[in-house]
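Just below is one structure, and these are the notes that go with it.
Below, chain A is the first sequence line, B the second, and so on; all start at residue 1.
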Amino acid sequence: RKEVEQDPGPFNVPEGATVAFNCTYSNSASQSFFWYRQDCRKEPKLLMSVYSSGNEDGRFTAQLNRASQYISLLIRDSKLSDSATYLCVVFPSGGSYIPTFGRGTSLIVHP
Amino acid sequence: DAGITQSPRHKVTETGTPVTLRCHQTENHRYMYWYRQDPGHGLRLIHYSYGVKDTDKGEVSDGYSVSRSKTEDFLLTLESATSSQTSVYFCAISEDRRNYGYTFGSGTRLTVV
């Protein structure tokens, strides 16, 4: 099992739709979690952190399920500008400070 | 946005030549990283630094070396470029190794012919 797994997609949705992505991780002791957004031919940019209690930023909601070892990203009312690849990032516990990146999930929002 | 710049943005080089990529930050962050990104592989860590003159290898370090003589600069050198090193290279910085995530530079597109 890969350390961090994402469905590569693409998820093809119409404007206004709600879409959700999951990211599973194998290390139960993982400590910190993030979602990044990467536009085509651009660098990844931090979208949001993922907290145990869940967190929301406008149309975006991130959640962590430690029991099942996955994090999720929910996007409501999708916009054309949400089209991008979404990467999940998992930081281990303990002394290591090297995270594992998922390979990303591609989202295409069409008119 | 955080102050991190990479140079050059694009480079074409011949097989067997040495190449140095530069990452410069103005944030005084302790941690710096070099990644490469290729289709089907995602982001892979090449080398990282946790302080001046403190560096370590990542998962794909063969054929690469790094140096960090100042907090703000992290150099990646391809000692003898090969076609398999054609890639997009991203530098990243981090203030706190786990709690704040990374900020990435804009990337360097390197083509080895």
- Same hydrophobic cluster for A:Leu74 and A:Val19, using side-chain heavy-atom links shorter than 4.5 Å among ILVMFWY? no
message = Using a 6.0 Å cut-off, check whether atom CD of B:Glu59 has over 12 heavy atoms from anything other than its own residue.
response = yes
The interface call for B:Arg44 against chain A, heavy-atom contacts under 4.5 Å, is neither
Item to complete: Walk me through it: do A:Leu46 and B:Thr103 pass the test side-chain contact (heavy atoms from CB on, under 4.5 Å)?
Response: CA-CA 7 Å; A:Leu46 180 64; B:Thr103 300; over 6 Å; no
Checklist entry - Mind checking whether A:Phe101 and A:Ile98 sit in one hydrophobic cluster, side chains of I, L, V, M, F, W, Y counted as touching below 4.5 Å? => result yes
Original post:
Using a distance-only test with no angle check, is there a side-chain donor-acceptor pair under 3.5 angstrom linking A:Gln38 and B:Gln37?
Top reply: yes
| query | With no hydrogens and no angle check, is any side-chain donor or acceptor of A:Tyr36 less than 3.5 Å from a backbone partner on B:Tyr102? | reply | yes
Residues at least two apart in sequence or cross-chain that pass side-chain hydrogen bond (donor to acceptor under 3.5 Å, both in side chains) with B:Lys53, listed by chain then number, are none
Those residues at least two apart in sequence (or on a different chain) that pass ring pair (Phe, Tyr, Trp, His ring centres under 6.0 Å) with A:Phe21 are A:Phe11, A:Tyr86
Max heavy-atom pairs within cutoff under 4.5 Å with chain A, candidates B:Ala92, B:Gly58, B:Gly105, goes to B:Gly105
* **Single-linkage hydrophobic cluster, 4.5 Å side-chain cutoff, B:Leu75 and B:Val66 together** => no
TODO: Decide yes or no on side-chain contact (heavy atoms from CB on, under 4.5 Å) for A:Glu43 and B:Gln6, but give the supporting numbers first.
DONE: CA-CA 11 Å; A:Glu43 74 273 21; B:Gln6 291 184 231; over 6 Å; no
message = So A:Leu87 and B:Leu43, do their side chains get closer than 4.5 Å, heavy atoms only?
response = yes
